There are 2 protein chains.
Amino acid sequence: MARWDPNARERLERAALELFVRQGYDRTTVAEIAERAGLAKSTFFRHFADKREVLSGGDALVRLLTDAVAATPPGAGPRQAVEAALAAAGERAFTAERHGAVRERQQVVAANPELTERELLKREALATALTAALRERGTPDPAAGLTAELALLALRAALAAWTARPGQDFTGLALAELAALCEAAAAL
Amino acid sequence: MARWDPNARERLERAALELFVRQGYDRTTVAEIAERAGLAKSTFFRHFADKREVLSGGDALVRLLTDAVAATPPGAGPRQAVEAALAAAGERAFTAERHGAVRERQQVVAANPELTERELLKREALATALTAALRERGTPDPAAGLTAELALLALRAALAAWTARPGQDFTGLALAELAALCEAAAAL
């Protein structure tokens with residue numbers, strides 16, 4: 001077995017999800033996940049700190065969203081920057097091909113308090129990172145933190161609607177949620 | 001020792017805070033906290049699930065804020081409802097007499113990843129409870145969730161400013177933060 005495998009991370013994530021869905025999160029061990037992925041247990045721990053981490057995918061989403069914010073042209077406002085971030089999530093993370101896996105992942109997380117807790121912490125990390133990315137491109141406080149929270153509210157609502165049934169466009173749902181939030185905010 | 005002590009909870013919280021500040025969170029045991037409070041260890045566990053819980057105070061704040069939202073006159077909008085909640089926090093939780101204790105608590109929490117994690121989870125529970133309290137009095141979605149998030153952003157920013165130095169009015173700080181957030185939201 002090669003010490004470095006370009007797909008190890010994805011294989012481990014897929015194997016973990018399959019086992020969690022089939023036999024439950026609690027009854028699945030790291031050794032089983034590694035075996036199913038055809039990798040050594042030590043390889044698992046090069047990629048993830050523990051079993052909880054394997055489903056998080058959080059860092060990838062943080063990078064995806066903050067990179068999109070950073071890549072928005074300087075003249076664009078904070079709302080356009082987070083619209084670009086939500087569109088990036090629709091193009092790269094919440095695609096038609098990944099619908100089944102994302103939905104299964106959400107179900108496993110919802111069924112396990114430990115994973116739900118980790119998910120909430122990742123959400124806070126995402127809010128902090130998005131706020132920092134917006135400040136970085138010149139959005140002042142408190143607009144930076146506010147825009148980041150609105151983007152996360154839109155993302156969460158769109159994700160719930162998108163996973164509920166296949167065949168929907170995530171970006172369209174997320175931008176509609178964001179527009180509704182901005183409209184509600186203007187009316188407060 | 002009486003089995004039921006009306007001040008047991010507060011005595012345990014105060015004893016825990018004193019020990020955490022003096023000797024550190026990690027080096028303090030539940031037995032020491034109970035001893036310092038003049039109570040049995042079993043009394044500690046009637047009030048708190050574990051050592052992490054003793055500093056949370058989260059449920060009291062949730063009740064304080066949601067009760068204030070529920071008590072706002074029916075004709076008032078969601079923004080007035082969360083303004084009442086922030087004012088209640090200033091009158092009951094973040095008062096001049098409690099400034100020292102609140103500041104020490106914040107420092108202990110910031111110094112311990114385990115406590116910081118618990119704090120973030122409480123924050124999510126607070127967002128959920130405030131959103132539900134707003135819906136209960138007729139605020140539709142997504143305005144309910146949005147208003148709850150704005151209130152929590154204002155509370156967090158005001159708390160950071162308020163604990164930084166004594167002699168400030170929490171309610172004034174929080175309402176100014178909320179006004180700035182609403183102004184920024186209207187401009188998005």
Side-chain angles (χ1 to χ4, degrees), chain A residues 49 52 58 76-83 113-128 130-131 134-135 138-158 160-161 173-188, chain B residues 49 52 58 76-83 109 113-128 130-131 134-135 139-158 160-161 173-188:
Chain A
R52 281 209 298 183
R79 179 168 169 184
Q80 286 169 277
V82 297
E83 283 173 348
E114 206 183 324
L115 292 173
T116 304
E117 193 167 301
R118 176 70 57 108
E119 191 88 338
L120 291 174
L121 296 173
K122 292 276 174 186
R123 195 244 180 235
E124 280 298 312
L126 188 49
T128 305
L130 259 189
T131 303
L134 287 164
R135 278 193 197 120
T139 305
D141 288 321
L146 166 78
T147 313
E149 290 293 339
L150 292 182
L152 289 189
L153 284 174
L155 187 138
R156 186 188 284 193
L173 292 170
L175 295 185
E177 289 287 349
L178 185 68
L181 284 164
C182 288
E183 199 179 317
L188 282 182
Chain B
R52 281 208 299 183
R79 179 167 169 185
Q80 285 168 277
V82 297
E83 283 173 348
V109 169
E114 205 183 326
L115 292 173
T116 304
E117 192 167 301
R118 177 70 59 109
E119 191 89 336
L120 292 174
L121 295 173
K122 293 275 175 187
R123 194 243 181 236
E124 280 297 313
L126 188 48
T128 305
L130 259 189
T131 303
L134 287 163
R135 277 194 198 121
T139 305
D141 288 318
L146 166 78
T147 312
E149 289 294 338
L150 292 182
L152 290 188
L153 284 174
L155 188 138
R156 187 188 283 191
L173 292 171
L175 295 185
E177 289 286 350
L178 186 68
L181 283 164
C182 288
E183 199 179 317
L188 281 182

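Every chain is numbered from 1, with letters handed out A, B, ... down the list of sequences. Predicted model only: the values in this text are computed from it and were never measured. Heavy atoms only: backbone and side chains are in, while hydrogens, waters and symmetry mates are out.
- Of the atoms belonging to B:E117, heavy atoms from both backbone and side chain fall under 4.5 Å from chain A.
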For residues 178-187 of chain B, please give each side-chain donor-acceptor pair under 3.5 Å, one per line with the distance, not counting sequence neighbours.
none

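- At a 4.5 Å heavy-atom cutoff, the contact between B:R156 and chain A is made by side-chain atoms alone.
- Contact check for A:L188 versus B:L146: side-chain heavy atoms found under the 4.5 Å cut-off.
- Distance check: B:E124 CD to B:L121 CG gives 8.0 Å after rounding to the nearest 0.5 Å.
- With chain B as the partner, the residue from A:Q80, A:R123, A:R79 showing the most heavy-atom pairs under 4.5 Å is A:R123.
- In this structure, chain A has a heavy atom under 4.5 Å from the side chain of B:L153, while its backbone stays farther away.
- The only member of B:L150, B:L134, B:T139, B:L155 that meets side chain to side chain contact (heavy atoms under 4.5 Å, CB included) when paired with B:V82 is B:L134.
- The choice from B:L152, B:L120, B:T116 that makes the most heavy-atom pairs within less than 4.5 Å of chain A is B:L120.
- With sequence neighbours left out, the side chain to side chain contact (heavy atoms under 4.5 Å, CB included) criterion links B:L175 to B:E83, B:L86, B:T171.
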